[in-house]
Each structure stands twice: as structure tokens, then as C-alpha cells.
2 protein chains.
Amino acid sequence: MELRHLRYFVAVAETGSLTIAAEQRLHTSQPSLSRQIRDLEDEVRAELFSRSARGVELTASGKAFLDHARLALAQVDAATEAARRAAQPAKQAFALGFQTGEEITWLPRAMQILRDELPDIDVTVSSS
Amino acid sequence: MELRHLRYFVAVAETGSLTIAAEQRLHTSQPSLSRQIRDLEDEVRAELFSRSARGVELTASGKAFLDHARLALAQVDAATEAARRAAQPAKQAFALGFQTGEEITWLPRAMQILRDELPDIDVTVSSS
DNA sequence: TCTGGTTACGTAGTCCGTAAAGATT
DNA sequence: AATCTTTACGGACTACGTAACCAGA
């Protein structure tokens, strides 16, 4: 499993369509995306989407995976930001929390805003 | 950036040596590992290690990156576990916390133990 | 001079895009 | 019949391994 799989998965989950996610968000071909999602499901050993002629829909496993996948991607961004900021000694740390099960689409954006507004603070993620 | 970069980085950070990490932990060649670490540093735009004739040592940026990288990898594991467990409805959720700056080498192992002992509980990570 | 990291280069694995097929409404 | 996903296949990118080179103690 690579971060590419997580990025692809989140895009498909948010659009509900392989075609739309591939063309409008990932700028890749739809068959390639289909294969990557299948590979991810094989590795996780769980069906993450249920397919239909109208698109794809998250399964219970997919919903569970989505929350963690978003957190993982946010954590990677946090890693990069923290490393870049470490040159200038950070003054304070700040943790952004959320409740499992809630919609956390806003989380990456919230982290971005906080970092822009408070460049000296080390903003990280916290699940509970 | 891909998860491979994070896995490689953590292995090098923990062994303090490209050679040992490559041969004993990653089972890859040392030059290939050197290149991947360099690529990671290029993408993060920060020096993560200081090289010497005795091995490599984490810089301040590297230390900051390490905590977040471990968290991200743990979160990916949590994603897989949560997806697999979602077939059987989870009963309770449990968050494992830590303090930034402390050593969190134990965290992945602690999560594994808790999951083995409490298979019905959804164990996640929490930084603060 | 020995240990450890870097550079060079050819190979192989795999990700991607195009084309065709399958399935469901 | 139209829409969306899957399968098939050829090309291109890149990660890997081997070999040679470089630097510090």
C-alpha cells in the first residue's frame, strides 16, 4: 500500500464515481484508477466500495477506512510542515481534534488555515 | 511522496545507518535506499539527516519529521484494521495517546498488543 | 586503509493510457 | 441504448541491484 492508494481512495469516496474522480480530481485515466482501487481492496482484504451502474458507494468497511485514510494523509502533510518549520525553532504545539464517525472533510482545510494564520505553531492531528 | 519513503526514513532513523537499514531491515540495496532518502529530502525541502563517515544522524527537521511519519504509518495500519473489523460491527473505540517530543517507538507495538488482546475494540492514534 | 555514503548505469517491475468488453438500468 | 466499471495490452517511468567512486576517521 502506498499513499497513492489512499489519495485515490479518498477522491473516489468523495465523488462517488471512478470516472469523475479520475478525470476531474486525479487527472488520470479511469481504468488505471479502477485497478488501483482494486489493488487496495485486495491488500486490505475488504470490499471498500459496492459497484453499480450508477457509480460506486462506500461499504461499512469503506466508511471506516475513509476516516483513517484522511487522518493518515493529514499526518503526512503535518510531517512535511513540521520538518520545514523545525529549522526555525517552533514555539508551541497545537492539536486539532475530531470525533470518529463525524464528517472530517474539513480537517485538512482547517489545518491549512491554522498553519497559514499561525506559522510558528506546530499544528498536528488528534483523533479520539 | 509515498509510504515507501516514510518506511525507509523510519528504518534509517532507528538504525542510524543506511547500510544497516538497507540490508537488515528493508532487504534492499544501500544505494537505492540512499536515493530514496535523498528524494524524500528534496520533496520535503529539508535536510533530514546529517551524513558522516560513521553513519547518519537526525537533524532537527528529521526529528520533527520522525514523530509524524511514525504516526502516519500507524494510522495506515489503523485504517486497514478498522476496515477489516467493520464487517463485524465494532463495539467500542479506543484512542492511544502520546506527548509530542517523547520517544514513541513503542506506539506501533502498543497498538498491536491492544488489538490482539481486544479484537473488538477500534484502536486508533491520538497525538496531543 | 577501512567504513559508510554517493554516483553511474542497465534491468525489471509497474503504473498509466488507449481500446474493447461486460454489466446494469 | 446509455452509462459506468472491468479487462487487455503496449509504452513509459522509475525503483532496484551491481559496480565504481568519494570522503572522513
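Residue numbers start from 1 in every chain, and the chains themselves are labelled A, B, ... in the order their sequence lines are given, proteins ahead of strands. Only heavy atoms go into these numbers, but all of them, side chains included; no hydrogens, no water, no symmetry mates.
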Nucleotides 16-20 of chain D: which of its N/O atoms have a protein N/O under 3.5 Å away?
unit_1 : atom_1 : unit_2 : atom_2 : d
D:dC16 : OP1    : B:Y8   : OH     : 2.5
D:dC16 : OP2    : B:S32  : OG     : 2.8
D:dC16 : OP2    : B:Q36  : NE2    : 3.4
D:dC16 : O5'    : B:S32  : OG     : 3.3
D:dG17 : OP2    : B:T28  : OG1    : 2.6
D:dG17 : OP2    : B:S29  : N      : 2.6
D:dG17 : OP2    : B:S29  : OG     : 3.2

### Approximate separation, where rounding is to 0.5 Å, of A:L58 CG and A:E14 CD
10.0 Å
### Summary
Note: for A:G16 and B:H5 on DNA chain D, the residue whose nearest nucleotide lies more 5' is A:G16
### Task
Taking ring pair (Phe, Tyr, Trp, His ring centres under 6.0 Å) as the test, write out the residues that go with B:F9, two or more places apart.
B:F49, B:F65
### side-chain hydrogen bond (donor to acceptor under 3.5 Å, both in side chains) contacts in which one or both residues fall within residues 47-60 of chain A, not counting sequence neighbours
A:E41-A:R51
### Task
Mind listing the residues from residues 37-45 of chain A sitting with a heavy atom below 4.0 Å of DNA chain D? Number order is fine.
A:R38
### Interface with DNA chain D, restricted to residues 47-64 of chain B and to heavy atoms under 4.0 Å
B:A53, B:R54
### Query
Is there a donor-acceptor contact under 3.5 Å from the side chain of B:S34 to the main chain of B:Q30?
no
## Note on the structure
In this structure, CG of B:L26 is separated from CG of B:L18 (nearest 0.5 Å) by 10.0 Å
### Task
Step by step, work out the salt bridge (Lys or Arg N to Asp or Glu O under 4.0 Å) result for A:R35 and A:D39.
CA-CA 6 Å; A:R35 177 61 177 275; A:D39 289 347; 3.4 Å; yes
#### Entry: Closest contact, heavy atoms only, A:A64 versus B:A86
CB-CB, 4.0 Å
### Message
Given 3.5 Å as the limit, does a donor-acceptor pair link the side chain of A:R84 with the main chain of B:V44, or not?
### Response
yes
### Query
Salt bridge or not for B:E43 and B:R38, using N-O below 4.0 Å?
no
### Query
Of all heavy-atom pairs between A:A79 and B:A69, which one has the smallest distance, and what is that distance?
CB-N, 4.3 Å
### Message
Tell me whether A:Q36 contacts the main-chain N or O of A:H5 through its side chain, where contact means a donor paired with an acceptor under 3.5 Å.
### Response
no
### Query
For DNA chain C, which nucleotides open and close the run of contacts to chain A, 5' to 3', at under 4.0 angstrom from a non-hydrogen atom?
C:dC15 to C:dT25
### Message
For B:R4, I'd like to know if atom CZ has over 12 heavy atoms of other residues, nucleotides or ligands within 6.0 Å.
### Response
yes
